[in-house]
Amino acid sequence: LERIGRDSSYEQEGKVQFVIDAVYSMAHALHNMHKELCPGYVGLCPTMSSVDGKELLRYIRAVNFTGSAGTPVTFNENGDAPGRYDIYQYQVSNLTSHEYKVIGQWTDYLHLNVKNMQWGRGEHRIPQSVCSLPCKSGERKKTVKGVPCCWHCERCEGYQYQTDETTCQMCPFNRKPNANGTDCQLIPIIKLEWHSPWAIVPVFIAMLGIIATTFVITTFIRHNDTPIVRASGRELSYVLLTGIFLCYAVTFLMIATPDTVLCSFRRIFLGLGMCISYAALLTKTNRIHRIFEQGKTSVSAPRFISPASQLAITFSLISLQLLGVFIWFAVDPPHTVVDYGEQRTVDPEKARGILKCDISDLSLICSLGYSILLMVTCTVYAIKTRGVPETFNEAKPIGFTMYTTCIIWLAFIPIFFGTAQSAERMYIQTTTLTISMSLSASVSLGMLYMPKVYIIIFHPEQNVQKRKRSFKAVVTAATMSSKLSQKASDRPNGEVKTELCESLETNNCLNAPNGQLERIGDGISELCNV
């Protein structure tokens, strides 16, 4: 037989301890039973000689001692030994090493060392083991088909907000969802601010225009009786300058904060400044055209060319604009509106309501349409009188003014109406409209009045009365000048000029009455000496 010692290579079977503990359990149970049934008796007493197995089992379940492994040996009410387990987890210690590590024990209850536990990707944080996580604010639960206890979380999109766990509802038109999507809040209201770049540029142009217009008006008033001011038609000039001033001033009405009073002023003055300007210019060009058309066939002057008549015609044209505005007031009283659709962006956070006057694009076209009609008619007369020499009237400066103005408004139309779907529509259209009106006024002011102001201030020696000529002499000279221009391309200048002047002198001397002969000759001489 092999002697088993500490130095022996013998390894005992792992389950032998359970056999030893079982034997000792039986021994402890008999010992306890003997002590209770046979106190002070050596050996079996008569009471133990006929012991029932159930009675012995009761004593076996009641034993409590330390076993061969150093652990307590006990039994529960069912006669089972308590479970003792080591809990292992398969862990990655490094990139190449994998092993089982003890992370807890079970001895009547579970004891885990959570800090030593390891999860996916080497993380030590305990993962959540649930079917579905709770939804955040502004999200609704969408139940998974076939799994009623599980759900997906869906965000309430756009202008919707969360009414309960499973429902999203659209906010009213003037509201948007709040930050957490659980309620609706008012959409902020904006307007064109004075400090905005969209307002600074037109306001700067308008201020320069108002200063320049005021300077011209002041200059004309101080030199009201000088020949240049009288020759330009003082009455219509002041009317025209008033219209130019209003074209600049309307910029401030378009940018100011809208209210009922301001909206009323916008309706009145939006088209009134242009109407006054082009009504005065149309009256001037029509007068020039009628004078020279009449002069071709008659010595007498046409009707309604006096200053009073010119003012009456001008104010009659202006009254039609005012009549249209008053009808507009009666049909649709002015008021403000908040437009939430113009800047209703996809992102509710960027949505804005725009405070503005209730003036639609159609109403704007109707308000400016009459002024544009006057402008086009004035341009037609400017074309008809383009052959009249500058020395006789303002026909050519008016013509250049109208051509330039038409180009400005032709550029305005596609910019204004082409931005109808833009998020910056309010800013672009307001800026475009005000700058177009200011540029139109600047063209009229610069081409019609700045040359006169220059002569009045810097060349007063030219601001003197010239020799008076009759109506017939002026018209005859203008007619011959037109013929001279037409024939100049075919014959040498000297020959054409000499021939026309000789013919003119002969015909006028033979046909003119005695009283007008000298005055016609004066006009001819001035033209032929040019």
Side-chain angles (χ1 to χ4, degrees), residues 194 197-256 265 269-285 314 318 368 371 374-375 378 382 390 393-409 411-412 430-460 462-463:
W194 292 101
W198 296 99
I200 292 175
V201 174
V203 166
F204 178 74
I205 296 174
M207 290 180 65
L208 291 180
I210 288 175
I211 293 172
T213 306
T214 304
F215 177 73
V216 171
I217 293 174
T218 303
T219 303
F220 267 51
I221 292 175
R222 291 182 59 185
H223 301 83
N224 190 56
D225 293 325
T226 59
I228 285 185
V229 176
R230 292 201 307 269
S232 64
R234 287 176 294 187
E235 295 78 7
L236 283 183
S237 291
Y238 290 130
V239 173
L240 178 55
L241 288 170
T242 301
I244 292 173
F245 183 90
L246 291 178
C247 287
Y248 288 122
V250 77
T251 297
F252 299 94
L253 294 177
M254 298 299 294
I255 297 176
F265 285 147
F269 293 105
L270 181 60
L272 184 60
M274 292 177 57
C275 179
I276 292 174
S277 300
Y278 297 130
L281 286 176
L282 176 59
T283 304
K284 276 192 174 188
T285 54
T314 302
I318 297 172
L368 297 178
S371 299
L374 293 178
M375 179 184 69
C378 185
E390 286 186 27
N393 214 296
E394 302 175 299
K396 286 187 177 179
I398 292 176
F400 290 135
T401 299
M402 299 316 301
Y403 306 151
T404 308
T405 302
C406 288
I407 293 174
I408 291 173
W409 286 97
F412 159 81
T430 302
T431 302
T432 304
L433 177 60
T434 52
I435 289 180
S436 297
M437 296 185 71
S438 294
L439 289 179
S440 300
S442 299
V443 169
S444 301
L445 187 67
M447 290 190 176
L448 297 179
Y449 292 103
M450 285 305 174
K452 296 179 175 60
V453 172
Y454 176 79
I455 293 175
I456 291 173
I457 296 176
F458 297 104
H459 293 284
Q462 298 182 18
N463 191 11

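Along the sequence shown, residues carry numbers from 1.
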Output yes when a side-chain donor or acceptor of T213 lies under 3.5 Å from a complementary backbone atom of F245, and no otherwise. no
Validation: residues 202-210 side-chain donor-acceptor distances under 3.5 Å, sequence neighbours left out:
none

Do M254 and L270 have side chains that get closer than 4.5 Å, going by heavy atoms? yes
Side chains of V250 and F265, heavy atoms from C-beta outward: is any pair under 4.5 Å? no
Testing the basics here: between A256 and W194, what is the closest heavy-atom pair and its distance to 0.1 Å? CA-CZ2, 3.7 Å
Between OH on residue Y449 and CD1 on residue I217, distance to nearest 0.5 Å: 9.5 Å
Which pairs would a plain distance check flag for residues 401-408, meaning a side-chain donor or acceptor within less than 3.5 Å of a matching protein atom at least two apart in sequence or in another chain?
unit_1, atom_1, unit_2, atom_2, d
T401, OG1, P397, O, 2.7
T404, OG1, F400, O, 2.9
T405, OG1, T401, O, 2.7

Using 0.5 Å steps for rounding, measure from the OG1 atom of T283 to the CG atom of L236. 6.0 Å
I'd like to check L439 versus F412 (side-chain heavy atoms, cut-off strictly below 4.5 Å). Are they in contact? no
As an exercise, state the distance from OG1 of T434 to CG of L253, rounded to the nearest 0.5 Å. 11.5 Å
Check whether any side-chain N or O of S237 sits under 3.5 Å from a backbone N or O of S232 as a donor-acceptor pair, and report yes or no. yes
Under 3.5 Å, is there a donor on one side chain and an acceptor on the other for S444 and Y278? no
More than 12 heavy atoms of other groups within 6.0 Å of R222 CZ: no
Which pair of non-hydrogen atoms, one from L448 and one from P451, has the smallest distance, and what is that distance? C-CD, 4.3 Å
Once you round to the nearest 0.5 Å, how far does CG of D225 lie from CZ of R230? 6.5 Å
Verify side-chain contact (heavy atoms from CB on, under 4.5 Å) between V201 and I435, making sure each step is shown before the conclusion. CA-CA 8 Å; V201 174; I435 289 180; 4.0 Å; yes
Gap separating the CD1 atom of I228 from the CG atom of N463, nearest 0.5 angstrom: 4.0 Å
Pair L241-L445, side-chain contact (heavy atoms from CB on, under 4.5 Å): steps then yes or no: CA-CA 8 Å; L241 288 170; L445 187 67; 3.8 Å; yes
To check you understand the geometry: which heavy-atom pair defines the closest contact between G271 and L368, and what is its length? CA-CD2, 4.1 Å
For F220 and V453, what are the C-alpha separation, side-chain angles and deciding distance, and is it a side-chain contact (heavy atoms from CB on, under 4.5 Å)? CA-CA 8 Å; F220 267 51; V453 172; 4.2 Å; yes
Heavy-atom count check: over 12 atoms from other residues, nucleotides or ligands less than 6.0 Å from Y238 OH? yes
How close do I318 and A279 get, counting heavy atoms only, and between which atoms? CG1-CB, 4.0 Å
Taking all heavy atoms of A280 and all of L240, pick out the closest pair and write down the distance. CB-CB, 4.0 Å
With rounding to the nearest 0.5 Å, note down the distance linking OG1 in T214 to CD1 in I244. 11.5 Å
Without hydrogens or angle criteria, can the side chains of S440 and W409 be said to hold a donor-acceptor pair below 3.5 Å? yes
Which atom names give the shortest non-hydrogen contact between Y248 and S438, and what distance separates them? CE2-O, 3.5 Å
